[in-house]
Amino acid sequence: MYTLRSRSIPLNTDYNVIVVGGRRIAKQYRDALATYFPEAFGNAYLVATAPVMGVRESRMIDGVYTLTVTDLKDCVHFEDGIAACNYDIDIHNPEGTGTSHYYFKEGTYYTIPYRSLMPKNIKNLLAAGRCISGSHEAQASFRIMPTCCSTGEAAGVAAAVAAQEHTDFPETDVKNIQALLRKHHAFIGE
């Protein structure tokens, strides 16, 4: 077993110490992958790390559909849903004190529409992750890694289906995208 040489970093630690420590850990992960999975990662190298730490919000596309906090709180299940989420809406105070939370009831969720992955006026581009089309408040829920991975999987599946159908993304049959996601055990809603 490969053990990473990291330790807990106290919250009052200098920001630069944290950034350097994070970069050191990233290199250790690369080394572990190269050691234990040489066929896949033997020639891999670390190109870059994030220029800053702790970025919670980033740019988002102006999509065909913009997911709103109302959609989330109403647990809307979109007909063209390609991912599901129920992570709480946690908005951190920009002044640095306090966080507001909205928690979903157990067993409830909203779906992310395929249209939120499509930028307006660009027919052959999809976004995935926290940059999909959504409001500031909505991003506070869907920006988490499991949902980012789900939208990434959906974008990849959509690209495969579009290639099979010889269509641009807006004309690609979303039912075929959903069927392939379900076939691979993705939970995209009922």
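When a residue number appears, it is its place in the shown sequence, counting from 1.
Linking ILVMFWY residues whenever their side-chain heavy atoms come closer than 4.5 Å, directly or via other members, leaves Tyr87 and Ile82 in distinct clusters.
Within the 3.5 Å criterion, the main-chain N or O of Pro119 finds no donor-acceptor partner in the side chain of Asp62. At least one donor-acceptor pair under 3.5 Å links the side chain of Ser150 to the backbone N or O of Pro146. Put simply, the side chain of Gln178 gets close to the backbone of Gly81: a donor and an acceptor are under 3.5 Å apart. Thr151 places a side-chain N or O within 3.5 Å of a backbone atom of Gly129 that can act as its donor or acceptor partner. With hydrogens and angles disregarded, a donor-acceptor distance shorter than 3.5 Å links the side chain of His184 to the backbone of Leu180. Listed for the Asp173 side chain is a donor-acceptor partner under 3.5 Å among the backbone atoms of Lys175. Checking side-chain atoms of Arg130 against main-chain N and O of Ile144 turns up no donor-acceptor pair under 3.5 Å. When atom types are taken as modelled, the side chain of Thr108 and the backbone of Phe104 share no donor-acceptor pair closer than 3.5 angstrom.
Looking at Ser116 and Ser133, their side chains never bring a donor and an acceptor atom within 3.5 Å of each other. At a cut-off of 3.5 Å, with distance as the only test, a side-chain donor of Thr167 or Thr172 sits close to an acceptor on the other residue.
Evaluated for a side chain to side chain contact (heavy atoms under 4.5 Å, CB included) with Cys85, the options Phe187, Tyr110, Tyr109 yield exactly one hit, Tyr110. Val76 pairs in a side chain to side chain contact (heavy atoms under 4.5 Å, CB included) with only one of the listed residues (Asp71, Thr111, Leu67), which is Asp71.
Using a 4.5 Å heavy-atom threshold, the side chains of Ile112 and Leu117 count as touching.
Figure legend: cation-pi geometry between Lys73 and Tyr102, with NZ or CZ positioned under 6.0 Å from the six-membered ring centre and within 45° of its axis.
No more than 12 heavy atoms of other residues, nucleotides or ligands lie within 6.0 Å of CD in Glu79, so this atom counts as exposed by the packing criterion. Remark: Glu190 CD is loosely packed, at most 12 non-hydrogen atoms of other residues, nucleotides or ligands lying under 6.0 Å away.
Between His101 and Tyr103, the angle of the ring planes stays under 30°, which puts this pair in the parallel group of the 30/60° scheme.
Leu125 and Ile122 make their closest contact through CB-CG2, 3.6 Å (heavy atoms, listed as atom of the first residue, atom of the second, distance).
Between the CZ atom in Arg143 and the CD1 atom in Ile89 there is a gap of 11.5 Å [rounded to 0.5 Å].
When ring centroids are compared, Tyr65 and Phe78 come within the 6.0 Å threshold.
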